[in-house]
Undergrad: 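What follows is a structure written as structure tokens; I'll ask about it next.
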Amino acid sequence: MARNKIALIGSGMIGGTLAHLIGLKELGDVVLFDIAEGTPQGKALDIAQSSPVEGFDAKLKGVNEYAGIEGADVCIVTAGVPRKPGMSRDDLLGINLRVMEQVGAGIKKYAPNAFVICITNPLDAMVWALQKFSGLAPEKVVGMAGVLDSARFRLFLAEEFGVSVEDVSAMTLGGHGDDMVPLIRYSTVAGIPLPDLVKMGWTTQEKLDAIVERTRKGGGEIVGLLKTGSAYYAPAASAVAMAESYLKDKKRVLPCAAHLSGQYGLNDTYVGVPVVIGAGGVEKIVEIAFNKDEQAMFEKSVQAVSGLTDACLKIVPAL
Ligand code: TXD
């Protein structure tokens, strides 16, 4: 059986890290695509040269034409521009929407059967636009944000409790913006819900609220430190977990920006919700019951997302 083919559309900081992780995990052959001449080719060759040391077998190729992604099983999209200090994710919309139009056309023509994972910001609007531009079935186009935001939440919780990150599970839903919804009630340490840990004296509500706030601002914290761009190791690891669940039919339950067609009372909207990812792509949307506060936060976050998609419609009314 031929190896999987994974196309990375955008070969910048996240794209290169994706290629490296995919090689190390031997998930398949990799095609790096970019409009920058040389970048995809150079990164492909460099990572390929690490393969004898690491012991993984994978073909890595860099291309500047979409024909190079022909027949890809998975496309991971990071093409576009990242934030600089002082910029919000929303500031990227005008430029990155046009990029999604090009990427959608390329996928439509050369990889119509792929599972597409969008990373480009502002994520919830870009994945919504990418699905429309590409014309792929909504269950085959998903956005990566919740796995990253939940990973940040899990790390901060593990540090607070002094426990292994492996035993902290957390759920962050809603849009990938400052009003994302880290769900304290649905986050646990070894199955013990966070509210119980407060009652058991392991932490306080104030400390949890501070962790929620730090999670919300997690992207900006790194942009402020790096100054030249945004996070890329954790975003890449998060997208690889989603790709692996598709390629190996693992049926993982992960928070992703998924297409809603009535779930959570929403239609024609992409927003972060728990989904099951298997060989069919997004195989199930998990509808959890919010309490009043959670519902209000979710609705506020959805409002922010629809503001972004409205902005997209002003630029490309045909969307
Ligand atoms: O959780 C999330 N979804 C976010 C997403 C986490 C972190 C970063 N987030 C966003 O991912 C970020 O705001 C950007 O929109 C993307 C990619 O971030 P990255 O750090 O990888 O940006 P780079 O290093 O600038 O890489 C972008 C590449 C670069 O090599 C450009 O030449 C290329 O995109 N690019 C294009 N490729 C194809 N087609 C077009 N039109 C194009 N324009 C730029």
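Both counts, for ligands and for their atoms, begin at 1 and track the order of listing. Along the sequence shown, the residues carry numbers beginning at 1.
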Undergrad: Atom OG in Ser88, atom CG in Asp91: separation rounded to 0.5 Å?
TA: 3.5 Å
Undergrad: For atom 39 (N) of ligand 1, which of the options Ile35, Ile95, Thr17 provides the nearest non-hydrogen atom?
TA: Ile35
Undergrad: Is it true that Asp167 and Arg154 have a side-chain N and a carboxylate O under 4.0 angstrom from each other?
TA: no
Undergrad: Check this for me - ligand 1, Tyr66, N or O atoms closer than 3.5 angstrom, yes or no?
TA: no
Undergrad: Would Gln102 count as a polar contact of ligand 1, with the cut-off being nitrogen or oxygen pairs under 3.5 Å?
TA: yes
Undergrad: Provide the number and element of each atom of ligand 1 under 4.0 Å from a heavy atom of Phe33.
TA: 38 (C)
Undergrad: Using a 4.0 Å heavy-atom cut-off, say whether Asn96 meets ligand 1 through its side chain, its backbone, both or neither.
TA: side chain
Undergrad: Judged on heavy-atom distance to atom 13 (O) of ligand 1, which of Val223, Leu123, Ile117, Asn121 sits nearest?
TA: Asn121
Undergrad: Are any of the N/O atoms on Gly10, whether in the backbone or the side chain, positioned under 3.5 angstrom from an N/O atom of ligand 1?
TA: no
Undergrad: Return the closest protein heavy atom for atom 35 (N) of ligand 1 as residue, atom name and distance.
TA: Gly80 N, 3.6 Å
Undergrad: Checking Arg216 against Asp178 for the salt bridge (charged side-chain N to carboxylate O under 4.0 Å, His left out) test, could you report, in this order, the C-alpha distance in whole Å, the side-chain angles of both residues, the deciding distance, and whether it holds?
TA: CA-CA 5 Å; Arg216 286 205 167 100; Asp178 291 351; over 6 Å; no
Undergrad: Side chain to side chain contact (heavy atoms under 4.5 Å, CB included) between Val30 and Lys59: does it pass, once the steps are laid out?
TA: CA-CA 6 Å; Val30 176; Lys59 284 197 197 65; over 6 Å; no
Undergrad: Between Lys5 and Asp73 (salt bridge meaning N to carboxylate O under 4.0 Å), is one present in this structure?
TA: no
Undergrad: Are there more than 12 heavy atoms of other residues, nucleotides or ligands under 6.0 Å from atom CD of Gln303?
TA: no
Undergrad: Looking only at N/O atoms, are Ala145 and ligand 1 under 3.5 Å apart anywhere?
TA: no
Undergrad: Nearest heavy atom to atom 25 (O) of ligand 1 wins, so pick from Ala257, Pro122, Gly218, Pro82.
TA: Pro82
Undergrad: Does a side chain donor of either Ser11 or Thr39 reach within less than 3.5 Å of an acceptor in the other side chain?
TA: no
Undergrad: Does NZ in Lys217 sit with more than 12 non-hydrogen atoms of other residues, nucleotides or ligands closer than 6.0 Å?
TA: yes
Undergrad: For atom 30 (O) of ligand 1, what is the nearest protein heavy atom, given as residue, atom name and distance?
TA: Asp34 OD2, 2.6 Å
Undergrad: One residue to check: Ile119. Relative to ligand 1, which of side chain, backbone, both or neither has a non-hydrogen atom less than 4.0 Å away?
TA: both
Undergrad: Please confirm whether Thr39 comes under 4.0 Å of ligand 1, counting heavy atoms of the residue only.
TA: no
Undergrad: List the closest protein heavy-atom neighbour of atom 37 (N) of ligand 1: residue, atom name, distance to the nearest 0.1 Å.
TA: Ala79 CB, 3.4 Å
Undergrad: Could you tell me the separation between the CG atom of Leu60 and the CG atom of Leu8, rounded to the nearest 0.5 Å?
TA: 9.0 Å
Undergrad: Heavy atoms only, cut-off 4.0 Å: how does Val103 contact ligand 1, side chain, backbone, both, or neither?
TA: neither
Undergrad: Considering only heavy atoms, which of Gly106, Ser238, Gly12 lies nearest to atom 26 (O) of ligand 1?
TA: Gly12
Undergrad: Does a donor on one side chain and an acceptor on the other come within less than 3.5 Å for Gln205 and Asp209?
TA: yes
Undergrad: Which is closest to atom 15 (O) of ligand 1 in terms of heavy atoms, Val127, Val81, Ile14?
TA: Val81
Undergrad: For Tyr246 and Lys140: C-alpha separation, side-chain torsions, deciding distance, then whether side chain to side chain contact (heavy atoms under 4.5 Å, CB included) applies.
TA: CA-CA 10 Å; Tyr246 173 75; Lys140 296 292 286 299; 3.6 Å; yes
Undergrad: Under 3.5 Å between some N or O of ligand 1 and some N or O of His176?
TA: yes
Undergrad: Filter on salt bridge (Lys or Arg N to Asp or Glu O under 4.0 Å), then keep only pairs touching residues 231-250, sequence neighbours left out; what's left?
TA: Glu244-Lys248, Asp249-Lys251
Undergrad: Against heavy atoms of Ala231, which atoms of ligand 1 measure under 4.0 Å?
TA: 7 (C), 8 (C)
Undergrad: So which bit of Pro235 gets within less than 4.0 Å of ligand 1, heavy atoms only: side chain, backbone, both or neither?
TA: side chain
Undergrad: Please could you name the atoms of ligand 1 that Ser230 approaches to less than 4.0 Å, counting only its heavy atoms?
TA: 8 (C)
Undergrad: Would you please test Phe56 and Ile22 for side chain to side chain contact (heavy atoms under 4.5 Å, CB included) and show each step?
TA: CA-CA 10 Å; Phe56 65 81; Ile22 289 162; over 6 Å; no
Undergrad: Number the atoms of ligand 1 from 1 as they appear, then name those within less than 4.0 Å of a heavy atom of Leu148, with their elements.
TA: 1 (O), 6 (C)
Undergrad: Test your reading of the structure: does Leu92 have an N or O sitting under 3.5 Å from an N or O of ligand 1?
TA: no
